[in-house]
Amino acid sequence: MANGQWYPPEWPERIRALAEGTLTPVVPKRAATVMLLKDTDGTPLVHMLRRRASMAFAGGAYAYPGGGVDPRNDELHIRWAGPTRAWWADRLGVDEAGAQAVVCAAVRETYEEAGVLLAGPTADSVVGDTTGEDWEADRAAVAARDLSFAEFLERRGLVLRSDLLGVWTRWITPEFEPRRYDTWFFVAALPKGQRTRNASTEADRTVWIRPRDAADAYDRGELLMMPPTIATLRQLVPYTTAAEALAAAPGRDMTAVLARARLEDGEIVLSWPGHDEFTKHIPTGGTRA
């Protein structure tokens, strides 16, 4: 492996089946993930976690806190600060209920997996330390889906701070994957007074790392990542502060990135539009090129 691109061994067989019309694509589930940033000298650091090697999907790969959308958060009333649900619906390319659910997923997963909560008692405040036993009990209940995130916010009397998020890009898992996600990537700055921790049962390590350092480690084959992770890391490199990255988010192109597989000259060509570095040529016999 020349770099750290995550590449499951079953992909060639599934790609061939898709190209031959014998594989029916799974409908992707909505998901959200957050690139949590904090400033240091000259460049922001990004919070990353390493998925446990035992995980069925992307085991051992570095990623950001994230996960699937909880449909229970589509319709429930949530106290909301920042751009309206209509604004988010237009930006995300979904209806208003879906927009609320996707933004909720971004904030919820950041809390579940990193212990950081983008919410406050008022529209212009953010909670402080969330590491107490009572907070942990609520976080565990949300993570176990015993408590919806909307119910958690209501119980705590909190306002969701959508203005602390910027949506960055959207990637859809390839059609040949058995587990598919339609994932919105967000950026957010670590709120003052809060600190991250590894609260995820799916991760065995977390790090704060410069995007350029993480990308260089990927290029050396030292850090395993999926294409959207390394692509977004490279996109963060030019920014010198978290605020700069957040300010750039509204101007980002939100056209979804979806990998394509085609048969060409006796091989399968796997490509991600706009991301040539991930293109793979796979002989029809199944051996990687």
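We use all heavy atoms of the structure for the numbers below, so side chains are in, but hydrogens, waters and symmetry mates are not. In what follows, residues are counted from 1 in the order of the sequence shown. Just so it is clear, the structure is predicted and the values come from calculations on it, not from any experiment.
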Engineer: Please answer: with hydrophobic residues joined when any side-chain heavy atoms are less than 4.5 Å apart, are L147 and V159 in the same cluster?
Structural biologist: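 In one cluster with L147: V159, no.
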Engineer: I want to check something: taking the side chain as every heavy atom from C-beta on, are P191 and V116 in contact at a cut-off of under 4.5 Å?
Structural biologist: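 The answer is yes; the side chains approach within 4.5 Å.
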Engineer: For Q235 and W168: C-alpha separation, side-chain torsions, deciding distance, then whether side-chain hydrogen bond (donor to acceptor under 3.5 Å, both in side chains) applies.
Structural biologist: CA-CA 10 Å; Q235 291 161 359; W168 192 259; 2.9 Å; yes
Engineer: Are M254 and V103 grouped together when hydrophobic residues (ILVMFWY) are joined by side-chain heavy atoms under 4.5 angstrom apart?
Structural biologist: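 Yes.
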Engineer: Can any side-chain N or O of T229 pair as donor or acceptor with the backbone N or O of M225 at less than 3.5 Å?
Structural biologist: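 Flag not set: sc T229 to bb M225 has no pair under 3.5 Å.
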Engineer: What distance do E151 atom CD and D146 atom CG have between them, rounded to the nearest 0.5 Å?
Structural biologist: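 The CG atom of D146 is 10.5 Å from CD of E151, to the nearest 0.5 Å.
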Engineer: Assess whether a salt bridge exists between R156 and D138, defined as any Lys/Arg side-chain N lying under 4.0 Å from an Asp/Glu carboxylate O.
Structural biologist: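 Yes, R156 and D138 are salt-bridged.
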Engineer: Is the backbone of T240 close enough, under 3.5 Å, to the side chain of T43 for a donor and an acceptor to pair up by distance?
Structural biologist: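 Side chain of T43 to backbone of T240: no pair is present.
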Engineer: Verify the distance criterion only: is there a donor paired with an acceptor across the side chains of R205 and Y62 at less than 3.5 Å?
Structural biologist: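 Short answer, yes.
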Engineer: When K38 is tested against each of T196, L190, T241 for side-chain contact (heavy atoms from CB on, under 4.5 Å), which residue passes?
Structural biologist: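 It is L190, the one option of T196, L190, T241 that forms the side-chain contact (heavy atoms from CB on, under 4.5 Å) with K38.
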Engineer: Given the rule that I, L, V, M, F, W and Y join up when any side-chain heavy atoms are under 4.5 Å apart, are L18 and V269 in one cluster?
Structural biologist: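 No, because L18 and V269 fall into different hydrophobic clusters, even though each may have its own neighbours under 4.5 Å.
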Engineer: Which heavy atom in V69 sits nearest to a heavy atom in A105, and how many Å separate them?
Structural biologist: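 The pair with the smallest heavy-atom distance is CG2-CB, 3.9 Å.
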Engineer: At their closest point, which heavy atom of A106 faces which heavy atom of V34, and how far apart are they?
Structural biologist: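 For A106 and V34, the tightest heavy-atom pair comes out as O-CG2, 3.4 Å.
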Engineer: Could you walk me through whether F186 and V102 pass side chain to side chain contact (heavy atoms under 4.5 Å, CB included), step by step?
Structural biologist: CA-CA 10 Å; F186 293 81; V102 171; 3.9 Å; yes
Engineer: So, taking the atom named CG in L92 and the one named CD in Q100, what distance separates them when rounded to the nearest 0.5 Å?
Structural biologist: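 Result: 12.0 Å between the selected atoms.
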Engineer: Can you find a heavy atom in the side chain of L236 that is under 4.5 Å from one in the side chain of V187?
Structural biologist: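 Result yes, sub-4.5 Å side-chain heavy-atom pair found.
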Engineer: Looking at CG of L160 and CG of L165, how far apart are the two atoms once the value is rounded to the nearest 0.5 Å?
Structural biologist: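 CG of L165 is found 7.5 Å from CG of L160.
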Engineer: Determine, stepwise, if the pair M48 / L233 fulfils side chain to side chain contact (heavy atoms under 4.5 Å, CB included).
Structural biologist: CA-CA 11 Å; M48 304 189 75; L233 279 171; 4.0 Å; yes
Engineer: Are V167 and W87 connected into the same hydrophobic cluster when the rule is that any two of I, L, V, M, F, W, Y join if their side-chain heavy atoms are below 4.5 Å apart?
Structural biologist: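 Same cluster: W87 reaches V167 through Ile, Leu, Val, Met, Phe, Trp or Tyr contacts under 4.5 Å.
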Engineer: Report yes if some heavy atom in the side chain of R170 is under 4.5 Å from a heavy atom in the side chain of D182; otherwise report no.
Structural biologist: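 Yes, close enough: below the 4.5 Å cut-off.
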Engineer: Flag the pair E177 and R179 as a salt bridge only when some basic side-chain nitrogen lies within less than 4.0 angstrom of an acidic carboxylate oxygen.
Structural biologist: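 Judged by the 4.0 Å cut-off on N to carboxylate O distance, E177 and R179 do not form a salt bridge.
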Engineer: Please give me the minimum heavy-atom distance between A114 and P65, naming the atom from each residue.
Structural biologist: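 Nearest pair, atom of A114 first, then P65: CB-CG, 4.3 Å.
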Engineer: Closer than 3.5 angstrom, by distance alone: can the side chain of R161 be matched with the main-chain N or O of S125 as a donor-acceptor pair?
Structural biologist: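 Yes; judged by distance alone, with no hydrogens or angles, the pair exists.
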Engineer: Would a 4.5 Å heavy-atom cut-off, applied to side chains only, mark P178 and R14 as touching?
Structural biologist: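 SC-SC contact between P178 and R14 confirmed.
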Engineer: Is the count of non-hydrogen atoms from other residues, nucleotides or ligands lying under 6.0 Å from E264 atom CD greater than 12?
Structural biologist: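 More than 12 heavy atoms, drawn from other residues, nucleotides or ligands, come within 6.0 Å of this atom.
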Engineer: Which atom pair, heavy atoms only, marks the closest approach of A189 to A242?
Structural biologist: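 Scanning both residues completely, I find the closest heavy atoms to be CB-CB, 4.0 Å.
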Engineer: Please identify which of these residues, V126, L117, L118, I78, meets the side-chain contact (heavy atoms from CB on, under 4.5 Å) condition with L158.
Structural biologist: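 When side-chain contact (heavy atoms from CB on, under 4.5 Å) is applied between L158 and each of V126, L117, L118, I78, only L117 qualifies.
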Engineer: Would you call D129 and R195 a salt bridge, taking side-chain N to carboxylate O under 4.0 Å as the test?
Structural biologist: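 So D129 pairs with R195 through a salt bridge.
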Engineer: Please report the shortest heavy-atom distance between I172 and R180, naming the atom on each side.
Structural biologist: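 Reported closest heavy-atom pair: CG2-NH2, 3.5 Å.
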Engineer: Which value, rounded to the nearest 0.5 Å, describes the distance between F176 atom CZ and I268 atom CD1?
Structural biologist: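 Between F176 CZ and I268 CD1, I get 9.5 Å after rounding to 0.5 Å.
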Engineer: Roughly how far, to the nearest 0.5 Å, is OH of Y64 from CE of M35?
Structural biologist: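 Answer rounded to 0.5 Å: 5.5 Å.
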Engineer: Are the charged groups of R16 and E13 less than 4.0 angstrom apart, N to O?
Structural biologist: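 The answer is no: the pair does not qualify as a salt bridge.
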Engineer: Is F278 close to L270 at the side-chain level, that is, under 4.5 Å between some pair of heavy atoms?
Structural biologist: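 Contact flag for L270/F278 side chains = no.
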Engineer: Run the side chain to side chain contact (heavy atoms under 4.5 Å, CB included) test on R30 and W184 for me, step by step, so that the C-alpha distance in whole Å, both residues' side-chain angles and the decisive distance to 0.1 Å come before the verdict.
Structural biologist: CA-CA 8 Å; R30 297 174 300 168; W184 287 266; 4.1 Å; yes
Engineer: Between R85 and W80, is NZ or CZ placed under 6.0 angstrom from the six-membered ring centre and within 45° of the ring axis?
Structural biologist: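 That pair qualifies as a cation-pi contact.
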Engineer: Is any side-chain N of the basic residue among D204 and R50 closer than 4.0 Å to the acidic one's carboxylate O?
Structural biologist: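 R50 and D204: salt-bridged.
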Engineer: According to the interplanar angle, ranging from 0 to 90°, do the rings of W135 and Y111 count as parallel (below 30°), tilted (30 to 60°) or perpendicular (above 60°)?
Structural biologist: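 W135 and Y111: perpendicular rings.
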Engineer: If we ignore hydrogens and angles and just use 3.5 Å, is the side chain of R91 paired with the main-chain N or O of P250 as donor and acceptor?
Structural biologist: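 Yes.
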Engineer: Is it true that a side-chain atom of S271 and a backbone atom of T279 form a donor plus acceptor pair closer than 3.5 Å?
Structural biologist: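 Between the backbone of T279 and the side chain of S271 there is no qualifying donor-acceptor contact (under 3.5 Å).
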Engineer: Which residue pairs satisfy the salt bridge (charged side-chain N to carboxylate O under 4.0 Å, His left out) criterion with at least one member in residues 227-242, sequence neighbours excluded?
Structural biologist: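 Pairs touching residues 227-242 that pass the test: D219-R234, R234-E277.
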Engineer: Do W171 side-chain atoms and L258 backbone N/O form a donor-acceptor pair below 3.5 Å?
Structural biologist: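 Side chain of W171 to backbone of L258, a donor-acceptor pair under 3.5 Å: no, none is there.
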Engineer: Considering only heavy atoms from C-beta outward, does the side chain of P28 approach that of Y181 to under 4.5 Å?
Structural biologist: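 No - every pair of side-chain heavy atoms lies 4.5 Å or more apart.
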Engineer: Could you give the distance from CD (E109) to CZ (F149), rounded to the nearest 0.5 Å?
Structural biologist: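 One finds 10.0 Å between CD of E109 and CZ of F149.
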Engineer: I need the minimum non-hydrogen distance between A86 and E96, along with the two atoms involved.
Structural biologist: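 In this case the closest contact between A86 and E96 is CB-OE2, 3.6 Å.
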Engineer: Answer whether the closest heavy-atom distance between the side chains of P228 and T183 falls below 4.5 Å.
Structural biologist: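 A side-chain contact under 4.5 Å is absent here.
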Engineer: Given 3.5 Å as the limit, does a donor-acceptor pair link the side chain of E113 with the main chain of T110, or not?
Structural biologist: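 Absent.
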Engineer: Give a yes or no answer on whether the side chain of E112 reaches the backbone of R139 with a donor-acceptor pair at less than 3.5 Å.
Structural biologist: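 Judged by distance alone, no pair lies under 3.5 Å.
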Engineer: Would you confirm whether R252, through its side chain, and T169, through its main-chain N or O, come within 3.5 Å as a donor-acceptor pair?
Structural biologist: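 Pair absent, no side-chain N/O of R252 close to backbone of T169.
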